[in-house]
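Quick note: numbers below take in every heavy atom, side chains included, and nothing from hydrogens, waters or symmetry partners. Chain letters run A, B, ... following the sequence lines, proteins first, then strands; residues in each count from 1.
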Amino acid sequence: MPELPEVESVVRAIGPLLRGAVLGKVRLLRADILEPPGIDLVTCLAGRSVRSVERRAKRIIFLLDNDHRFYIHLGMTGQLTVEPPGEPLRKHTHLLIEFAAKTLRFVDARRFGGIWWLGKDGPADDGLGPEPLQLPAAELAHRLAGTRRIIKSALLDQKIIAGLGNIYADEALFLAGIRPQRRADRLSHEQTMRLSRSIKTVLRQAIAHGGSTVRDYRNADGKPGEFQKRHRVYQRTGLPCVVCGTVILRRVLGGRSAHFCPKCQH
DNA sequence: ATCGGTACCTGCACGC
DNA sequence: TGCGTGCAGGTACCGA
């Protein structure tokens, strides 16, 4: 579920609630969602407080008062919520952290997400390319010129650009008028410039609308996003293009669904 | 060394 | 009702 806009929405909601808060009881209900295995998370967190909650790509990074850090990745179905204490445990709840008057909960049915303990020195952006909203167009062009893959797959590669997923890759390519199966290193200068703008536009719009809820995504307060109502191609297979009325197509590219308008995208 | 394919895991929608 | 199939927002790993 969660791509950059969903993760950003969660961080914006959780940050103000947890900044400065002292951790109470910690319950890790499934040890196998923790990396590296064998870390004693409960001991690591005992008595600490939260200095800040930040986003890097799709990672939610918690900085503690002793300069140790960990991050949570939501995978496909992860949910991170802040609720009053004592709410009933939902199925697939893997981590509970109690604060004075609220509880942070990590729930993830498919368990593609998890918790990564970094300590003081572990790199938080291991294997991640640049942030899309800070990426100059020329730098994006340079990175895309270096791969022979199709543009859709390149946009999903977190080492090339970090934070896009299947929804926003498709939406950005539609906005830019580029077919997902075009080769990344064969885009014209103009197309690359349009793509750079489109990525930023679609991410900013999605953040403004609280992200997209396809099925599982919820913000920290349990509410779904709204941007799915404004998707132009993602999961609109067989429906008319909002610009030209042509039927939206779906193709499997690199093992993922790609949605596009065959008339608007070249 | 880059890249495509597959595996990981659960739940849901659909057709029969 | 139940069963089988296909699909889902992500990423790590495996050979070619």
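Using a 4.5 Å heavy-atom cutoff, the side chains of Y217(A) and S212(A) are not in contact.
By the 4.0 Å N-to-carboxylate-O rule, E54(A) lies too far from R59(A) to be salt-bridged with it. For the pair R110(A) and D216(A), the salt-bridge criterion is not met [side-chain N within less than 4.0 Å of a carboxylate O].
Put simply, CD1 on I160(A) is 10 Å from P on dT2(B), counting in whole angstrom units. A straight line from CG of L155(A) to P of dG10(C) spans 12 Å, rounded to a whole angstrom. Between R256(A) atom CZ and dC8(B) atom P there is a gap of 17 Å when expressed in whole angstrom units.
Counting only residues at least two apart or on different chains, the ring pair (Phe, Tyr, Trp, His ring centres under 6.0 Å) pairs with a member in residues 247-266 of chain A are Y234(A)-H259(A).
If you check distances only, the side chain of R111(A) never reaches the base of dC9(B) with a donor-acceptor pair under 3.5 Å.
Here the separation of dG9(C) from dC3(B), taken at their C1' atoms, is 23 Å to the nearest Å.
Remark: DNA chain C takes part in the stems B:2-8 with C:10-16, B:10-16 with C:2-8, each of 3 or more antiparallel Watson-Crick or G-U pairs, criterion distances under 3.5 Å.
If you check every strand for non-hydrogen atoms under 4.0 Å, K159(A) touches nothing.
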Polar atoms only, N or O, under 3.5 Å: list the protein pairs with nucleotides 3-6 of chain B and their distances.
| from | atom 1 | to | atom 2 | distance (Å) |
| --- | --- | --- | --- | --- |
| dC3(B) | OP1 | T147(A) | OG1 | 3.0 |
| dC3(B) | OP1 | R148(A) | N | 2.9 |
| dC3(B) | OP2 | T147(A) | OG1 | 3.1 |
| dG4(B) | OP2 | R149(A) | NE | 3.4 |

